[in-house]
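Throughout, protein chains are lettered first and strands after them, A, B, ... in sequence-line order, and every chain is numbered starting at 1.
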Number of protein chains: 2
Amino acid sequence: MTVQEQSGRSNAPEGEGSVRRPRVQKNVTRAIATDICADVFPIGAFLPTEAELCLRYGVSRTVIRESLKILESKGLVRGRSRVGTVVCPKEEWNILDQQVLEWIGPRIFELDLLTCVLDARRAIEPFAAEFAAERATVQEVAEIERAWQAMRDAEGDLEAFTKADVAFHAGLLKASHNQVFMQLASIIQAALEFSLHASNEAADARDEAVEIHRRLVEALRMRDRAAARECSHRMLDIAARDIAIAVRNHPAPAER
Amino acid sequence: MTVQEQSGRSNAPEGEGSVRRPRVQKNVTRAIATDICADVFPIGAFLPTEAELCLRYGVSRTVIRESLKILESKGLVRGRSRVGTVVCPKEEWNILDQQVLEWIGPRIFELDLLTCVLDARRAIEPFAAEFAAERATVQEVAEIERAWQAMRDAEGDLEAFTKADVAFHAGLLKASHNQVFMQLASIIQAALEFSLHASNEAADARDEAVEIHRRLVEALRMRDRAAARECSHRMLDIAARDIAIAVRNHPAPAER
DNA sequence: GATAGACAATTCATCATACAAAGGCAATTG
DNA sequence: CAATTGCCTTTGTATGATGAATTGTCTATC
């Protein structure tokens with residue numbers, strides 16, 4: 001199936017002799033990227049030549065080349081003149097990049113990323129909470145509190161709860177006013193989305209999480225750095241439980 | 001000046017009627033990026049049209065477009081169909097990306113990044129040191145020790161000392177076996193390169209740094225997590241002094 | 001038979017051109 | 001004056017040609 005067919009807007013009447021040219025760049029990039037993640041193009045292997053890729057995805061070389069440039073800039077592939085384009089080892093992938101994480105999707109489980117991210121969160125979030133307690137604006141605190149309210153009101157809606165929790169932590173990182181921490185929001189979001197779904201089904205676990213999140217908001221408002229740090233720690237202990245459950249419920253990585 | 005002239009390899013004899021076509025993609029991308037960083041194209045402003053960019057940099061639209069795609073994928077610009085390409089606010093830049101940091105270069109001082117990175121290092125490196133003490137292979141410890149030796153033997157050579165120090169910390173992050181920490185190596189490197197030059201001129205300060213780095217290597221070898229963490233903390237206190245000096249010696253950011 | 005140099009084949013890199021699509025703007029029209 | 005419509009501009013896509021460079025082959029020589 002070509003990418004034009006994927007993008008579901010080929011319903012305009014095909015004018016006689018006129019060629020339809022839908023916008024396909026994003027689709028092609030995603031298609032190649034997900035094919036790489038799905039081992040259609042395995043690590044270390046050469047991608048097909050540009051000409052072959054044109055046929056496979058049904059687009060011109062222009063689109064293929066621009067897609068490859070994007071993938072290369074994110075570390076997924078490396079193009080060598082005259083030789084071809086090879087898929088880079090996963091260590092070189094820009095896993096902190098939002099788009100890359102979207103392309104990886106649920107395969108995040110196979111990359112051992114969840115535990116890495118949890119460890120990183122243990123290092124970062126307590127610090128971020130302290131900074132936020134010190135430097136967050138009232139607007140930022142209010143935004144975080146809105147996210148907390150959404151968590152509280154989510155009731156049984158797991159989707160809404162996850163979304164609110166993600167917003168909470170993203171808001172906290174933003175309120176830390178540290179540019180490095182902020183950049184980590186995307187990977188923490190991805191990790192949360194894929195670990196929360198698996199757990200958080202027990203109502204009492206959710207209640208416990210909501211309560212500790214509330215205490216953190218309060219600490220921010222009181223500008224109490226120590227309390228904020230403590231809340232963050234407790235929060236991560238809960239998250240650790242969730243992730244353990246999520247990982248257990250998934251097929252073992254079976255890494256090489 | 002066009003980009004062809006910048007790349008200093010236009011010395012082949014110009015065959016009659018034959019057109020020289022040097023590889024210019026990287027140069028053009030860097031040129032546009034550094035122009036953005038240098039406020040030639042200010043934040044929020046529109047870039048010139050693709051046609052104008054072709055003239056300005058003396059390359060074809062193909063090259064311009066592929067460059068813009070790369071910049072867009074790193075968050076520096078956002079292209080809107082049929083409207084133009086605008087320079088994104090700095091918060092959206094992918095400052096953890098190696099290339100972006102190279103483009104920013106010494107302007108890292110103007111972005112308040114050094115203190116951000118120091119705070120991030122305070123959060124991360126002690127953790128990374130603990131993990132490294134636990135999980136580093138003997139080869140990794142040996143590599144870190146080689147970096148330490150290079151620091152010790154650098155004597156007055158500031159360039160060599162900085163390079164060795166960068167290698168030391170990159171090796172430590174790698175030895176933590178945490179993919180998130182590893183991805184932060186590039187920004188820590190950039191921060192080190194630009195802060196070490198400014199300080200480290202006093203020989204006794206260097207000696208103190210060398211000594212604490214030695215103790216960390218020892219802790220790794222003994223698999224002593226607590227000692228590794230402690231060394232990392234002490235190291236960062238020294239780094240904090242260096243950065244304070246570096247920032248003081250530079251023109252005030254004069255942020256908007 | 002082994003090695004070195006020349007050569008051809010392959011594939012990426014760049015250029016140039018053409019046209020389609022759609023946002024913005026202004027003239028037109030009610 | 002407001003809404004519609006059509007033109008202009010600019011980006012998005014397609015295509016063909018050619019330069020450049022790496023890889024492997026082929027041949028000549030020892």
Side-chain angles (χ1 to χ4, degrees), chain A residues 2-7 9-32 45-73 77-87, chain B residues 2-7 9-32 45-73 77-87:
Chain A
T2 70
V3 176
Q4 281 96 343
E5 292 166 284
Q6 279 177 36
S7 84
R9 48 196 180 91
S10 321
N11 41 10
E14 189 104 350
E16 190 63 36
S18 104
V19 187
R20 297 249 336 120
R21 270 186 235 185
R23 301 295 122 103
V24 291
Q25 174 77 73
K26 270 210 171 77
N27 295 325
V28 172
T29 310
R30 181 175 52 241
I32 300 178
F46 278 83
L47 255 55
T49 67
E50 292 177 351
E52 285 176 278
L53 289 172
C54 293
L55 294 178
R56 184 194 281 250
Y57 296 101
V59 294
S60 72
R61 257 184 76 221
T62 308
V63 174
I64 292 293
R65 283 186 56 81
E66 290 181 0
S67 290
L68 291 181
K69 278 280 184 282
I70 292 174
L71 297 183
E72 185 168 9
S73 81
V77 303
R78 179 193 313 281
R80 274 195 306 155
S81 192
R82 241 19 252 87
V83 175
T85 306
V86 297
V87 181
Chain B
T2 70
V3 176
Q4 281 96 343
E5 292 166 288
Q6 278 178 35
S7 84
R9 48 195 178 90
S10 323
N11 39 11
E14 189 109 348
E16 190 63 38
S18 106
V19 187
R20 294 227 1 102
R21 262 186 258 194
R23 299 298 133 101
V24 291
Q25 173 77 74
K26 272 209 171 74
N27 295 326
V28 172
T29 310
R30 182 174 52 239
I32 301 177
F46 277 84
L47 257 55
T49 67
E50 293 177 352
E52 285 177 274
L53 289 172
C54 293
L55 294 177
R56 181 195 281 251
Y57 297 101
V59 293
S60 73
R61 221 178 125 212
T62 307
V63 175
I64 291 292
R65 283 186 57 80
E66 290 180 359
S67 291
L68 291 181
K69 279 278 184 278
I70 292 173
L71 297 183
E72 185 168 8
S73 82
V77 303
R78 179 192 313 280
R80 276 195 306 153
S81 202
R82 264 116 236 137
V83 175
T85 306
V86 297
V87 180

Across all chains, not counting sequence neighbours, the side-chain hydrogen bond (donor to acceptor under 3.5 Å, both in side chains) partners of B/E50 are B/R61, B/R65
Within residues 60-69 of chain B, the residues having a heavy atom closer than 4.0 Å to DNA chain C are B/S60, B/R61, B/T62, B/V63
Sequence neighbours excluded, the answer for side-chain contact (heavy atoms from CB on, under 4.5 Å) partners of A/S81 is B/R23
Taken to the nearest whole Å, CZ/A/R80 to C1'/C/dC12 is 12 Å
At less than 3.5 Å, do the side-chain atoms of A/R21 and the base atoms of C/dA21 form a donor-acceptor pair? no
Rounded to whole Å, the CZ-C1' distance (B/R82 to D/dT10) equals 8 Å
Between CZ of A/R78 and P of C/dA13 the distance, given in whole Å, is 13 Å
Contacts of A/R80 meeting side-chain hydrogen bond (donor to acceptor under 3.5 Å, both in side chains) (sequence neighbours excluded), chain-then-number -> none
Hits for side-chain hydrogen bond (donor to acceptor under 3.5 Å, both in side chains) against B/Q25, two or more places apart or cross-chain, chain-then-number order -> B/T29, B/S67
When rounded to the nearest 0.5 Å, the distance separating CG of A/L71 from NZ of B/K69 is 12.5 Å
Ranking D/dT13, C/dC15, D/dT23 by distance to the side chain of A/Q25, first place goes to D/dT13
To the nearest angstrom, the CD1-C1' distance between A/I70 and D/dG12 comes to 13 Å
Whole-Å distance, A/R23 CZ to D/dT11 C1', equals 7 Å
Taken to the nearest whole Å, CD/A/E50 to P/C/dA13 is 6 Å
Taken to the nearest whole Å, CG/A/N27 to P/D/dG12 is 14 Å
The answer to which of B/K26 and B/S81 contacts DNA chain C further toward the 5' end, by nearest nucleotide, is B/K26
Contacts of A/R21 meeting side-chain contact (heavy atoms from CB on, under 4.5 Å) (sequence neighbours excluded), chain-then-number -> none
